[in-house]
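Note sheet for the following structure.
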Number of protein chains: 2
Amino acid sequence: MIKYSINIFTMSRNKIANEKQKDERRAQILRTSLLLFSRKGLSATRINDIARESGISQGLVYHYYRSKEEIFTDLIRHACENMVAAARALEQMPIAPEQKIIRAVTVLLKGLDKNDETSWYYLLIVQAAISEAIPQQARELFLLSNAVQHEVITRILEEGQKKGSVKKHPAADLAMVFWTAVSGLAFGKAIHGESFHMPDPEILSAMFLEDRTFSR
Amino acid sequence: MIKYSINIFTMSRNKIANEKQKDERRAQILRTSLLLFSRKGLSATRINDIARESGISQGLVYHYYRSKEEIFTDLIRHACENMVAAARALEQMPIAPEQKIIRAVTVLLKGLDKNDETSWYYLLIVQAAISEAIPQQARELFLLSNAVQHEVITRILEEGQKKGSVKKHPAADLAMVFWTAVSGLAFGKAIHGESFHMPDPEILSAMFLEDRTFSR
DNA sequence: GTCTATATCCAGATAGAC
DNA sequence: GTCTATCTGGATATAGAC
C-alpha cells in the first residue's frame, strides 16, 4: 500500500520512460520489417526473421504487435500517409505547374535512388500492390492513397495544359503514365538493387512537358 | 508373359496416348499455377490451391512436378523464352527502327490489356522480379532475358537515332525508361485488374520518337 | 519486458491402396 | 494415374518463468 502510494510519482515517470522505450522498440521492429517485407514480400517474411534482425526473441515481437499482418498494415499506413501528405504539399506550393511536375519527378527519383528507408517504402508499396495475399485493410489504404495521388497529378497537369506548358494528351491518361513510370522505376530498383541507376529526371519530365518549357 | 508380348503394340499406342495426356495435365497445372502465382506470388500460393483449381488431388500434383518451385521455374522459363523470342523477331523485321518501337509498344500494351494468359505472364514476371524469395534458377532466367530485351531495344533505338527518328538521350537510358514504362503498366494492371485501361500506345511511343516521325 | 518452451496449426511432400 | 491418408517440418502464436 505504501509502496504503491509513494510510487505514484515514480510510476508516472517510469510510465513515460516505458512508453518511450516501447515506441522505440516498435520503431525498431517496423524498420527491420520494412526492410524484410520490401525484399521478400509479406508471406515469405518470417516473424522469426523480423525478431532475429531486430535482435530480440520471437515471442517479444508479439508483445508489440498482435500479428505479422498488423506490422505490415502499420507500415503501409505510414507509407500511404507520407505519400499523400507529400502530394498535397506539392500541390499547395506557390510555383508553376510545370515546376511542380519537375519537382515531383526529381523528388521521387531521388527518394528511390537513396537506398534507405525511403526507397524501401516504395518497394513495400510495390509488394503490397502486387499481391492479393495482403491484409484487406492494407489494400484499402493503398488504393485510397493511390487515388489521391492520381487526382493531384491530374489537377497539376490540367493546370499546366491551360497555360500550355504540358502536353495535350488527356490529363488523366498522362497522370496514369506518370505513376506508371514511377512504379516502373521502383520496380527496376527492386530488381537490380543498388546497381540500378535512375534516369536523369529531365528525361522523364520531358515526356510530359512541351519542349519550350525547357528552352525558355 | 503372353499378355506382355501381345501388348507391345497396344502399349506403344498407350504410351503415346499417355504421354499426350501427361502433357495435357502438365499444361493444365501450369495454366492454373500461372493464374495463381500471378495474383498472389509464389509463397502465398498453396499447392492445394493449384490442385483444387486444376480439379485434381494434391498428391497428384507431385506426380507431375517435384515441387512448387519447379512449377514456378518452369513458368518463368516459358515466359522468358517467349519474351526473348519476340524481341529477336522484332529486331529482325524488315521495317524502320521507329516502326519497330511503335510495334513493340503496341504489341506489349495489347498483350497486357488482353486479360488472358499473356497478361498473366507479365504479372508472373513482375512477381518473380520483385521478391527475393524465388528459386535461384528462376531469378537467373529472368535476369538473362531482361538483359537481352534491354540490349535489343537499345540497338533499335540507336539505329533510330542515327537516322534522326529517335530522341537523342543516351540509348541505354531510353531503353531503360522503355522497359520501366512497360513494367509500370504491368504493375498498374496487377493493381487495378480489368478496370485498368491501357494508355494509347501513341502516348508512349511519342516519348521516344521525334515529333516529325508522326507528322510526316 | 524479455526470454524459453511449447501448443497448435498448416503446408509441402510422401506412401501406399486402388 | 489417381486418390486418401499420413508424415514431417516449419511457422504463428501463446504460456509461463524470470
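Each chain gets a letter, A, B and so on, in the order its sequence line appears, and its residues count up from 1.
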Rounded to whole angstrom units, what separation is found between the [atom1] atom of [X] and the [atom2] atom of [N]?
X: A:I29; N: D:dA13; atom1: CD1; atom2: P; answer: 14 Å
X: A:K20; N: C:dG1; atom1: NZ; atom2: P; answer: 14 Å
X: A:K68; N: D:dA11; atom1: NZ; atom2: C1'; answer: 8 Å
X: A:I56; N: C:dC3; atom1: CD1; atom2: P; answer: 7 Å
X: B:H63; N: D:dG1; atom1: NE2; atom2: P; answer: 4 Å
X: B:R46; N: C:dA13; atom1: CZ; atom2: C1'; answer: 15 Å
X: B:L42; N: C:dG12; atom1: CG; atom2: C1'; answer: 12 Å
X: A:K40; N: D:dA11; atom1: NZ; atom2: C1'; answer: 12 Å

task = Scan B:L60 against the nucleic acid and name what it touches under 4.0 Å (heavy atoms): base, sugar-phosphate only, or nothing.
result = base
task = Would you mind classifying the nucleic acid contact of A:T45 as base, sugar-phosphate or nothing, using non-hydrogen atoms under 4.0 angstrom?
result = sugar-phosphate
ask   = Between B:R77 and B:D74, is the closest basic N to carboxylate O distance under 4.0 Å?
value = yes
message = Quick check on C:dT14: is either OP1 or OP2 less than 4.0 Å from any side-chain nitrogen or oxygen of B:R66?
response = no
message = Please determine whether a side-chain nitrogen or oxygen atom of A:Y62 lies at a distance below 4.0 Å from atom OP1 or OP2 of D:dT14.
response = no
request  = Please report the C-alpha distance between A:T154 and A:E158 in whole Å, then the side-chain angles of each, then the deciding distance to 0.1 Å, and finally whether the side chain to side chain donor-acceptor pair (under 3.5 Å) criterion is met.
outcome  = CA-CA 6 Å; A:T154 302; A:E158 277 169 350; over 6 Å; no
task = Step by step, work out the salt bridge (charged side-chain N to carboxylate O under 4.0 Å, His left out) result for B:R52 and B:D49.
result = CA-CA 5 Å; B:R52 188 160 13 83; B:D49 302 335; 3.1 Å; yes
Closest approach to the side chain of [X], judged atom by atom: which nucleotide of [options] is it?
X: A:Y64; options: D:dT12, C:dA13, C:dT2; result: C:dT2
X: B:S67; options: D:dG1, D:dA13, C:dA13; result: C:dA13
X: B:Q58; options: C:dT2, C:dG12, D:dT12; result: C:dG12
X: B:S57; options: C:dG1, D:dC3, C:dA13; result: D:dC3

query = How far does OG1 of A:T106 sit from CG of A:D200, to the nearest 0.5 angstrom?
reply = 9.0 Å
request  = Compute whether any side-chain donor of one residue and acceptor of the other, for A:E24 and A:Q28, lie under 3.5 angstrom apart.
outcome  = no
